[in-house]
2 protein chains.
Amino acid sequence: MHLTPPDMICFALYSAAHAMQQAYKPLLDELGITYPQYLVLSVLWAQDDQTVGAIGRQVQLDSNTLTPLLKRLQTQGIVSRERDAQDERQVRIRLTEKGYALRYAARDIPGCILDRSGLTLADATALRDKVTALRDHLRDEGV
Amino acid sequence: MHLTPPDMICFALYSAAHAMQQAYKPLLDELGITYPQYLVLSVLWAQDDQTVGAIGRQVQLDSNTLTPLLKRLQTQGIVSRERDAQDERQVRIRLTEKGYALRYAARDIPGCILDRSGLTLADATALRDKVTALRDHLRDEGV
DNA sequence: GGCATTTATATCGTACACGATTTAATCTTG
DNA sequence: CAAGATTAAATCGTGTACGATATAAATGCC
């Protein structure tokens, strides 16, 4: 017996995650940002002025991915990057005016995506929790 | 009201897909292949001698991603790439001896992953189907 | 206080993803 | 049967991911 991608739960997650990014793409194109950049901004919209590490823990990315991504956001004038005066090892990321403005421009995205998913809020929440539980189980085993 | 990544179903999928890849990594490292390469090989193990396009439809990737990936598999002596004599536009991908051997070496991976997921087969299947349905709904809307 | 250890980012190399374009082969239609 | 349309791969450019390593600042411990 042999599994092909359509049978695999890993492939379901892999292809669904990509399809989700495609669903976001036209909405994010209007804002001039990518999907991982949107995740980072969502973190900053909830709480501004965070370190690279703090952001990374929330989006589950390390500095090797975040540093270039944040530099691109900085180039676009969306965030500022500045060494912390107290602890020079840390870099504090802050939203610019433009970064704040994007929050407003992005306000309808979650609703759009829920619509596009074809799920009720309750179903989406239930599925999210199942997928999150699977992720956390996989991550815990890995340690 | 504002959603942060932990609230988003897109982030659940995104981070679960990454966690899944991490769960596969130690197993695939032993075979010397990556996770997308494993997906492609799973397709070929089910049915050898397919075109780039046919493989792409199953793993949902286009030639811009597959061509370099297949070239790397060819460099490793795992597949061969040859223009179809009947239709020179197409490139036929075939498993080498080594490519076949990997199927045997990889035979325990699905069981390992199911174990690591902490789900029963029934739960995994149910979750897979829900996630697949979501993906297909997102993809259909996109057209 | 000075040196080893730890911590926070950054850098580098490799491998996806994917939009856009290119190239070459086949098909279609007049 | 020839010109245009279509199809299949490949190429190019940009942006993630991530392992491994580097760098520099802060901390711990004698």
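Every chain is numbered from 1, with letters handed out A, B, ... down the list of sequences.
- A sub-4.0 Å separation between OP1 or OP2 of C/dA17 and a side-chain N or O of A/Tyr14 is present.
- Closest approach of B/Thr4 and A/Ser42 over heavy atoms only: CG2-O, 4.3 Å.
- In this structure, B/Ile55 CD1 and B/Leu61 CG are separated by 10.5 Å, a value rounded to the nearest 0.5 Å.
- Counting heavy atoms from C-beta outward, B/Ser117 and A/Ile9 have side chains that stay 4.5 Å or more apart.
- Between B/Arg81 atom CZ and D/dA10 atom C1' the separation is 9 Å, expressed in whole Å.
- Between the CG atom of A/Leu66 and the P atom of C/dA10 there is a distance of 9 Å, rounded to whole Å.
- Regarding A/Arg92, its CZ atom lies at a distance of 14 Å from the C1' atom of C/dT9, rounded to whole Å.
- Ranked by how close their nearest DNA chain D nucleotide is to the 5' end, B/Val52 and A/Arg72 are led by B/Val52.
- One finds no side-chain N or O of B/Lys25 lying less than 4.0 angstrom from the OP1 or OP2 phosphate oxygen of D/dA17.
- To the nearest angstrom, P of D/dT14 lies 17 Å from CG of A/Leu73.
- Neither OP1 nor OP2 of C/dT11 sits under 4.0 Å from any side-chain N or O of A/Thr67.
- Taking every side-chain heavy atom of A/Asn64 into account, D/dA20 is the closest of D/dA17, D/dA9, D/dA20.
- Surrounding CD of B/Glu82 are at most 12 heavy atoms belonging to other residues, nucleotides or ligands under 6.0 Å away.
- For D/dT7, the base has a donor-acceptor partner in the side chain of B/Arg89 [N/O atoms by modelled type, under 3.5 angstrom].
- Computed from coordinates, the B/Gln60 CD to C/dC18 C1' distance equals 14 Å when rounded to whole Å.
- Below the 3.5 angstrom threshold, one finds a donor paired with an acceptor across the side chain of B/Ser63 and the base of D/dA10.
- B/Gln37 has its CD atom 10 Å from the P atom of C/dA17, to the nearest Å.
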Handout entry: Audit row: A/Asp48, A/Arg94, salt bridge (Lys or Arg N to Asp or Glu O under 4.0 Å) steps and yes/no
Key = CA-CA 6 Å; A/Asp48 196 8; A/Arg94 256 166 277 168; over 6 Å; no
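- At least one side-chain nitrogen or oxygen of A/Gln22 sits closer than 4.0 Å to the OP1 or OP2 atom of C/dC18.
- Between A/His18 and A/Leu70, the residue anchored closer to the 5' end of DNA chain C is A/Leu70, taking for each the nucleotide with the nearest heavy atom.
- Between A/Tyr35 atom OH and C/dC18 atom C1' there is a gap of 16 Å when expressed in whole angstrom units.
- Between the side chain of A/Asp62 and the base of D/dG19, no donor-acceptor pair under 3.5 Å is found.
- Looking at which nucleotide of DNA chain D each of A/Thr65 and A/Asp84 is closest to, the 5′-most match is held by A/Thr65.
- Taking 4.0 angstrom as the limit, A/Lys71 places none of its side-chain polar atoms (N or O) nearer than this to OP1 or OP2 of D/dT14.
- With a 6.0 Å cutoff to the six-membered ring centre and a 45° limit on the axis angle, A/Arg103 does not count as a cation-pi contact of A/Tyr100.
- One atom, CG of A/Asp87, and another, P of C/dT9, lie 8 Å apart when rounded to the nearest Å.
- For D/dA9, one of the phosphate oxygens OP1 or OP2 lies less than 4.0 angstrom from a side-chain nitrogen or oxygen of B/Thr51.
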